[in-house]
Amino acid sequence: MRPLADLVGPGPTAPATVAGLDVAYAESGDRLAAAVTVLDARTLAVVDRAVGVGRPAFPYVPGLFAFRELPALLDALEKLTVRPELLVCDGHGLAHPRRFGLACHLGVVTGLPAIGVGKTPLVGEWDPPAARRGAWSPLRDGGEVIGRVLRTRDGVKPVFVSVGHRMSLDNACARVLALTPKYRLPETTRTADRLCREALAAAC
DNA sequence: GCGACAG
DNA sequence: ATCTTGTCGC
């Protein structure tokens, strides 16, 4: 599927809606809840939301993460009534050992523009970006630039941004900064995180 | 062989 | 991902 990913874009510069996706797991590991929240890209208000609950379809194996979370995320995506113009994934896109992380997989399967925003690295080397919000440094692996280490808050640990599908790296970083007016992680990720935890608790 | 390893 | 404990800062 890797050749099917559009790593150029540039994708929408002013999307009307942006979606956040996340998954929560039961402590026992036998249940999970996936959530998608769709935000108005200008006001960051949630305009649609959907969840999918079930059992993990695959064990957690670094590099094969999509096989674990993608099925439940697709379930949730199908329940949306609003078609988001961009998917902001909790995990990497191009910044993957075989250059096809969750964000690429989700983008190709849905056909929607997608980007990956990881909290910790999976592959690559980088220099720490300057302390100011907006500062960044290239994430490199095997002689190629696979993403960007982006500071979304002054003096706070940066996030790892990479292209998923139908988006340029420049635009991906601009979208992430637009989604982080107050906290380290995008508002899309934060609302989806709360929703999947809530859905998991409700699905007792 | 050893260490690393998105969530 | 999940859980715990303690510290720092607004």
Side-chain angles (χ1 to χ4, degrees), chain A residues 1-2 5 7 19-37 51-77 87-109 114-126 131 133 139-142 145-150 152-165 167 169 172-173 176 181-186 188-204:
Chain A
M1 292 177 75
R2 182 174 60 193
L7 307 174
L21 304 90
D22 195 20
V23 177
Y25 297 85
E27 198 176 345
S28 50
D30 59 353
R31 290 183 307 121
L32 61 76
V36 185
T37 52
V51 300
V53 295
R55 300 179 59 81
F58 203 81
Y60 170 64
V61 180
L64 302 179
F65 187 50
F67 293 106
R68 179 169 173 79
E69 297 203 338
L70 195 126
L73 287 170
L74 290 178
D75 280 349
L77 279 168
L87 303 181
V88 179
C89 307
D90 197 22
H92 301 287
L94 223 212
H96 174 277
R98 285 177 287 283
R99 307 292 183 264
F100 197 74
L102 174 67
C104 298
H105 206 141
L106 221 30
V108 167
V109 168
I115 64 175
V117 181
K119 297 182 285 293
T120 62
L122 174 58
V123 288
E125 307 88 49
W126 70 96
R133 163 178 155 87
L139 176 61
R140 296 194 174 85
D141 187 47
V145 173
I146 59 174
R148 217 169 262 183
V149 184
L150 178 67
T152 54
R153 290 273 287 161
D154 288 2
V156 172
K157 181 163 67 157
V159 298
F160 297 77
V161 179
S162 60
V163 166
H165 185 51
M167 284 287 284
L169 184 54
C173 289
V176 169
K182 192 167 165 47
Y183 299 100
R184 175 190 177 226
L185 298 179
T188 39
T189 300
R190 290 166 46 78
T191 54
D193 179 79
R194 286 189 297 247
L195 179 56
C196 64
R197 288 174 194 269
E198 173 187 311
L200 186 66
C204 284

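Proteins come first, then strands; the chains are lettered A, B, ... in the order of their sequence lines, and each starts at number 1. Keep in mind that this is a model prediction, so the values were computed, not measured.
Between Lys157(A) atom NZ and dA6(B) atom P the separation is 12 Å, expressed in whole Å. Taking atom CG on Leu122(A) and atom P on dA1(C), their separation rounds to 14 Å, with Å as the unit. Rounded to a whole Å, the CG atom of Leu73(A) is 11 Å from the C1' atom of dG7(B). One can place CH2 of Trp126(A) at 12 Å from C1' of dA6(B), the figure rounded to the nearest angstrom. Residue Leu21(A) contributes atom CG, which lies 16 Å from atom C1' of dA1(C) at whole-angstrom precision. At whole-Å resolution of the value, CG in Leu139(A) and P in dA6(B) are 13 Å apart. Note: CG (Leu94(A)) to C1' (dA6(B)) measures 14 Å, nearest angstrom. Distance, Phe65(A) CZ to dA1(C) C1': 8 Å, rounded to whole Å.
Between dC5(B) and Thr120(A), no contact under 4.0 Å exists linking OP1 or OP2 to a side-chain N or O. Look at Lys119(A) and you'll find a side-chain N or O under 4.0 angstrom from OP1 or OP2 of dG7(B).
Across all strands, Ala24(A) comes closer than 4.0 Å only to sugar-phosphate atoms, never to a base (heavy-atom distances). Heavy atoms of Leu102(A) sit under 4.0 angstrom from at least one base atom. Using a 4.0 Å heavy-atom cutoff across all strands shown, Leu64(A) reaches at least one base atom of the nucleic acid. When heavy atoms are screened at a 4.0 angstrom cut-off, Gly116(A) is found touching no nucleic acid atom at all. Within the 4.0 angstrom heavy-atom criterion, only backbone atoms of the sugar-phosphate kind lie near Arg197(A); the bases stay farther away. Base contact: Gly101(A) has a heavy atom under 4.0 Å from a base atom. Pro97(A) comes within 4.0 angstrom of nothing in the nucleic acid, heavy atoms only.
Under the 30°/60° scheme for interplanar angles, the aromatic rings of Trp126(A) and Phe160(A) are found to stand perpendicular.
Across all non-hydrogen atoms, the minimal contact from Ala19(A) to Val36(A) is CB-CG1, 4.0 Å.
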Check step by step if side chain to side chain contact (heavy atoms under 4.5 Å, CB included) holds for Tyr25(A) and Glu69(A). CA-CA 10 Å; Tyr25(A) 297 85; Glu69(A) 297 203 338; 2.7 Å; yes

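Residue Arg184(A) places its CZ atom among more than 12 non-hydrogen atoms of other residues, nucleotides or ligands, all under 6.0 Å distant.
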Dump every N/O contact between nucleotides 6-10 of chain C and the protein below 3.5 Å, one line per pair.
none

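When the nucleotides dG7(B), dT2(C), dC5(B) are ranked by their closest atom to the side chain of Glu69(A), dG7(B) comes out on top. Side-chain atoms of Asp90(A) lie closest to dA1(C) of the nucleotides dA1(C), dA6(B), dT2(C).
Between the CG atom in Asp193(A) and the CG atom in Asp22(A) there is a gap of 4.5 Å [rounded to 0.5 Å].
Just one residue in the list Leu73(A), Leu77(A), Ile115(A) forms a side chain to side chain contact (heavy atoms under 4.5 Å, CB included) with Leu87(A), and that residue is Leu77(A).
Checking side-chain atoms of Arg133(A) against main-chain N and O of Thr152(A) turns up a donor-acceptor pair under 3.5 Å. Arg2(A) contributes a side-chain N or O that, together with a main-chain N or O of Arg98(A), makes up a donor-acceptor pair within less than 3.5 Å.
In this pair, Tyr60(A) lays its aromatic ring flat on the base of dG7(B), centres within 5.5 Å and planes under 30 degrees apart.
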